[in-house]
Amino acid sequence: MSTVTPDPATVAAARPRTAAAAPRHSTAEADNLAVASFLLGLPGLLLFNLVLGPLAITLATLALVRGTSRRGRAVLGLVLGVAALVILVVTNATAHGMLWQIGD
């Protein structure tokens with residue numbers, strides 16, 4: 001009579017995951033989010049404010065929540081994202097919603 005031993009990978013996959021066993025986000029991923037927020041916030045000051053501003057804010061917030069080692073870069077991305085939205089609001093308010101007028 002032979003006994004079958006289960007494969008350790010199968011046993012580990014069948015075991016339910018607890019909060020302690022859930023994978024943690026790496027610091028490198030948070031650092032990449034911080035850099036991405038800065039790189040999207042910078043052109044967001046001039047181009048595509050409506051898209052790049054909130055995207056920079058979101059990525060910077062995620063980077064700060066996940067504990068990035070590039071905290072300054074994440075804060076700078078957050079500030080640039082907010083500044084992009086402020087510029088958008090100010091230019092629309094002062095130009096009455098029209099930034100360029102073609103023709104007359």
Side-chain angles (χ1 to χ4, degrees):
M1 179 169 189
S2 67
T3 54
V4 177
T5 58
D7 182 27
T10 308
V11 172
R15 201 175 302 147
R17 295 184 118 178
T18 62
R24 298 281 305 170
H25 299 289
S26 67
T27 305
E29 182 181 338
D31 291 346
N32 291 339
L33 288 172
V35 171
S37 72
F38 170 72
L39 292 177
L40 290 174
L42 197 57
L45 292 173
L46 301 173
L47 304 169
F48 306 115
N49 310 56
L50 189 61
V51 175
L52 295 180
L55 197 56
I57 293 169
T58 304
L59 292 177
T61 304
L62 282 174
L64 290 171
V65 166
R66 292 182 182 179
T68 181
S69 62
R70 297 182 180 207
R71 186 170 173 79
R73 183 85 34 102
V75 170
L76 190 57
L78 184 65
V79 169
L80 288 173
V82 170
L85 291 179
V86 168
I87 288 173
L88 177 68
V89 168
V90 168
T91 54
N92 277 333
T94 58
H96 304 291
M98 181 177 276
L99 296 179
W100 293 339
Q101 184 174 1
I102 298 174
D104 292 340

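Treat the numbers as computed from the prediction; the structure is a model and nothing was measured.
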Testing the basics here: between [X] and [Y], what is the closest heavy-atom pair and its distance to 0.1 Å?
X: G81; Y: A56; value: CA-CB, 4.0 Å
X: S37; Y: R73; value: OG-O, 4.2 Å
X: G53; Y: A84; value: CA-CB, 4.1 Å
X: A83; Y: L45; value: CB-CD2, 3.7 Å
X: R70; Y: D31; value: N-OD1, 3.5 Å
X: L33; Y: A63; value: CB-CB, 3.8 Å

Can you get from [X] to [Y] by hopping between Ile, Leu, Val, Met, Phe, Trp and Tyr side chains that sit under 4.5 Å apart?
X: L52; Y: L88; value: no
X: L62; Y: L55; value: yes
X: V86; Y: L46; value: no
X: L85; Y: L59; value: no
X: L47; Y: L40; value: yes

Legend entry - Side-chain donor/acceptor of T61 to backbone N/O of I57, under 3.5 Å: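 Looks like yes, one N/O pair under 3.5 Å.
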